[in-house]
Amino acid sequence: MHGDGEEPNDEASWSPIDSREWYAARDAVAALRDVLIAAGLYKDFPYLRADLNAFGQGLIELGRVSPQTAERLAELLRLAMECPHGAGGHGAASAGDPRGRHNDGTQT
């Protein structure tokens, strides 16, 4: 009951920083931010941020970028896909997707 000293279980008191989805989104943004800094693109993604949608799913907001930035990002991704030895000694072409998808779109 409301008068017995217990905190009511009200969704209005929910905080995004209490969810693992928020921390996963925040960590992903930090990792992407570090790579963008190393690539010299940190000023080209002013809207980069972690967020949660209405369902509590973590999302990464990349925001709008200029055509030049999109071309530069596409070129960096192309180069990464061609690199035989990516981060940690694994090539980007064999790294795969954490959801079991291959780079060609098929699933395992």
Side-chain angles (χ1 to χ4, degrees):
M1 210 61 200
H2 192 64
D4 60 6
E6 289 185 29
E7 185 71 27
N9 187 6
D10 182 6
E11 281 83 25
S13 66
W14 175 83
S15 172
I17 62 170
D18 292 335
S19 70
R20 71 176 179 273
E21 290 83 1
W22 164 249
Y23 285 103
R26 188 190 68 174
D27 292 345
V29 163
L32 183 55
R33 178 202 61 213
D34 293 346
V35 172
L36 291 172
I37 289 170
L41 292 170
Y42 61 95
K43 291 183 179 180
D44 298 317
F45 288 84
Y47 301 105
L48 179 66
R49 66 186 180 107
D51 201 356
L52 292 179
N53 67 10
F55 304 102
Q57 298 166 322
L59 299 172
I60 309 307
E61 176 74 37
L62 298 176
R64 295 179 288 182
V65 297
S66 70
Q68 296 83 6
T69 298
E71 289 172 2
R72 173 85 171 119
L73 183 59
E75 180 61 22
L76 288 172
L77 290 171
R78 250 190 309 278
L79 290 171
M81 295 300 294
E82 294 170 3
C83 183
H85 300 292
H90 302 288
S94 65
D97 184 287
R99 293 167 296 204
R101 294 186 184 135
H102 298 284
N103 291 332
D104 63 2
T106 61
Q107 284 194 285
T108 55

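In this text, all values refer to a predicted model and were calculated from it rather than measured experimentally.
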Applied to residues 55-68, the side-chain hydrogen bond (donor to acceptor under 3.5 Å, both in side chains) test, sequence neighbours excluded, yields N53-Q57, S66-Q68, S66-T69
For V29, the other hydrophobic cluster members (4.5 Å side-chain criterion, sorted by chain and number) are L32, L36, L41, F45, L48, I60, L62, V65, L73, L76, L77
Side chain to side chain donor-acceptor pair (under 3.5 Å) filter on D51, not counting sequence neighbours, yields R49
field: Under-4.0 Å salt bridge between R78 and E75
entry: yes
